[in-house]
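Here is the structure we will look at, set down as structure tokens.
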There are 2 protein chains.
Amino acid sequence: MVSKDSSKGFEQPYQRLQGELARMIASIPAGERLPAEPDLARQLGVSRATLREAMRTFEGQGMIRRRQGVGTFVVGQGPVLQSGLEVLESIETLAKRIKLNVQMGALRFDHIQAGENLAMEMDVPPTADLLQVSRVILAEDRPVAYLVDILPENILSESELQEGFTGSVLDYLIRRGSPKLSNSLTEIRATAAKPEIARMLQIQRGDVLLMFQAKLFSAEARLVDFSFSYFIPGYFRFQVVRRVGDIHS
Amino acid sequence: MVSKDSSKGFEQPYQRLQGELARMIASIPAGERLPAEPDLARQLGVSRATLREAMRTFEGQGMIRRRQGVGTFVVGQGPVLQSGLEVLESIETLAKRIKLNVQMGALRFDHIQAGENLAMEMDVPPTADLLQVSRVILAEDRPVAYLVDILPENILSESELQEGFTGSVLDYLIRRGSPKLSNSLTEIRATAAKPEIARMLQIQRGDVLLMFQAKLFSAEARLVDFSFSYFIPGYFRFQVVRRVGDIHS
DNA sequence: ATTCATCATAATGTCTGACAATTGACTTTA
DNA sequence: TAAAGTCAATTGTCAGACATTATGATGAAT
């Protein structure tokens, strides 16, 4: 049982790697070279094989580029790191990175029953009790987004959210640590503002909004959060790296 | 110099792997288990390390889920494969899959000079000659999308496109095989239809459109295509799997 | 019979070391 | 000067081993 140094000791090497590598890549100017793999592996305290697994994912997201015989380079486009859609993060986290001063306004809780449509989408009985959390996100005191989260009551209760809720259900669930979250399936749409939402966001009815409709799944593949996010164009930049698909069946 | 069987022999192992693994994953029912890594590696003719690099990327895209001590499983959500944004494919390819009868209309070529803005975005001299390809995509004889591609003249010329162009610059470049394409950086926006585009799409000025602004890069990290895609909501469903980010600096 | 602890088994996670393939710079040579 | 050859550095791949974790089987205790 050599315990390996591993100062933290509570994370799997790969997870720690993912974070440290991301920070390192972000800290290196575009176009610059990363240390050679053997050096980098030593420096990060993992084997080259494990390092390469992580590198491959970052390469897949277009953050780095590797050339055999030459080296690994940080690719230009900074924005990929800034707001890539591959990683799910809260509006707050995202906004902080763009150095926006964000606040939450018009918070509202509603206890609703699933009903036909929601029961279909969320795969629960139509009589299921749900908690609906709605709020406006303000940046520099101007409304920029309207967020609605719908969760089963047994996953999150209103009383639990009363304190320590800063606007992001996602961040709250991550902090709480249970259930363990894995990923979200997000559908991207453009929509016109309905009267209710227009009023909340202080825009005109019919104005253009970017909308994410997301299903957040736990590690056990259970749906824990069904959410609608409406964004006023111009405040956020959402980007995604799409690899050219060789898959032509 | 054991030449390894490797029937094809012209691709790097990893690239071949990516395709074969994708097909294999797609062919396995959701929830089912993949063969164990050592077996799978043997079956695909690569080492376990190489296989794991590929697996890691598919895991990152939410297609598979691995559990230590148990195995690797194909994750449910069919939509991931159906119209996930991670893979770049042409509107035609996408439309075919949804079984839409698609056609191209109002094709138009323009020879333009880059100018200030385009020169910035595309990283070319302001005097560079560019080819602009615009067209409307019709589904069931109704306009559903308006596409504009802008390419350097030396990459694609009008005369070359005169024959065999079916509406997708991407598909054409893939078929031609040069330059080799790697990925695109796509920004997702919502916008109101400008008069010109509204006329093309037979909608009202100011109507809501989903818009992709994409930069397509070659394997040498050169920009080969700068494109704008406008979609009328309701005909396509764009989805993306976002993994919960552990990265909290 | 039921419950609990223990063990064996199998799978992924990680490590080590090596060799192959590619690139770029340097050296040598015509 | 220009071409060819050499060499070192770097990523790509491989093989084998051990570590860690989850599952089911086994047997003992209740």
Side-chain angles (χ1 to χ4, degrees), chain A residues 1-6 8-21 25 28 31-60 63-75 180 182 219-221, chain B residues 1-6 8-18 20-21 25 28 31-60 63-75 180 182 219-221 246:
Chain A
M1 304 320 168
V2 278
S3 73
K4 304 179 60 236
D5 63 318
S6 160
K8 316 277 180 67
F10 283 88
E11 281 175 320
Q12 295 263 80
Y14 181 82
Q15 295 217 351
R16 181 174 54 83
L17 234 197
Q18 187 107 351
E20 293 198 17
L21 236 191
I25 291 175
I28 291 181
E32 287 303 300
R33 225 197 64 183
L34 266 72
E37 289 181 357
D39 296 343
L40 197 50
R42 234 189 328 272
Q43 184 176 335
L44 295 175
V46 297
S47 76
R48 210 184 136 213
T50 302
L51 171 66
R52 281 181 58 83
E53 286 190 28
M55 302 259 278
R56 186 68 84 175
T57 74
F58 284 106
E59 183 187 34
M63 298 184 186
I64 58 176
R65 178 164 167 69
R66 304 146 94 189
R67 290 170 55 200
Q68 184 171 355
V70 184
T72 302
F73 299 84
V74 176
V75 55
K180 288 191 179 175
S182 68
E220 297 83 22
Chain B
M1 302 307 179
V2 277
S3 71
K4 307 177 60 233
D5 62 318
S6 157
K8 318 276 179 67
F10 282 89
E11 280 176 321
Q12 293 264 78
Y14 182 82
Q15 294 216 352
R16 181 175 55 85
L17 235 195
Q18 186 107 352
E20 294 198 16
L21 237 190
I25 291 175
I28 291 181
E32 287 302 300
R33 227 196 64 184
L34 267 72
E37 290 182 357
D39 297 341
L40 197 50
R42 232 189 330 275
Q43 185 175 334
L44 295 175
V46 297
S47 75
R48 214 184 132 214
T50 302
L51 171 66
R52 280 182 59 81
E53 287 189 29
M55 303 260 278
R56 187 66 86 173
T57 73
F58 284 106
E59 183 187 34
M63 298 185 186
I64 59 176
R65 177 165 166 66
R66 303 147 94 189
R67 291 170 57 199
Q68 184 171 353
V70 183
T72 303
F73 299 83
V74 176
V75 55
K180 288 191 179 175
S182 68
E220 297 84 23
D246 327 81

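Reminder, nothing fancy here: chain letters follow the sequence lines and each chain counts from 1. The structure presented is a predicted model; accordingly, all values stated were derived computationally and were not measured. Values below: every heavy atom of this structure, side chains too, minus hydrogens, waters and symmetry copies.
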Practice task
Would you indicate whether the side-chain heavy atoms of A:Arg56 and B:Arg56 approach each other to under 4.5 Å?
Solution key: no
Completion exercise
B:Leu51 atom CG is separated from C:dT14 atom P, nearest whole Å, by 15 Å
Handout entry: CD1-CD1 distance between A:Ile28 and A:Ile64, expressed to the nearest 0.5 angstrom
Key = 10.0 Å
Exercise for the section: Respond yes when some side-chain nitrogen or oxygen of A:Thr50 is under 4.0 Å from OP1 or OP2 of C:dG13, and no when none is. Expected result: no
Problem - Contact summary for A:Arg33 and A:Gly71, nearest pair of heavy atoms - result: CD-CA, 4.2 Å
Exercise for the section: Test B:Val70 against every option in B:Gln68, B:Arg67, B:Arg66 by the side chain to side chain contact (heavy atoms under 4.5 Å, CB included) rule and name the one that passes. Expected result: B:Arg67
Problem - Nearest-angstrom distance from the residue atom CZ of A:Arg65 to P of C:dT22 - result: 15 Å
For nucleotides 6-11 of chain D, give me every protein contact, N/O to N/O, under 3.5 Å, one pair per line with atom names.
from	atom 1	to	atom 2	distance (Å)
D:dT10	OP1	A:Arg33	NH2	3.2
D:dT10	O2	A:Gly69	N	3.2
D:dT11	OP1	A:Thr72	N	3.4
D:dT11	OP1	A:Thr72	OG1	3.4
D:dT11	OP2	A:Glu37	N	2.8

Handout entry: Nucleotide C:dA11, atom C1' - distance to CD of B:Glu32 in whole Å
Key = 17 Å
Fill in the blank from the handout: Correct closest heavy-atom pair for A:Asp39 and A:Arg42 would be OD1-NH2, 2.8 Å
Practice task
Give, for atom OG1 of A:Thr72 and atom CG of A:Leu51, the distance between the pair rounded to the nearest 0.5 Å.
Solution key: 8.5 Å
Problem - Whole-Å distance separating the CZ atom of A:Arg42 from the C1' atom of C:dT16 - result: 13 Å
Exercise for the section: Can you tell me the distance, in whole Å, between the CD atom of A:Glu53 and the C1' atom of D:dG12? Expected result: 14 Å
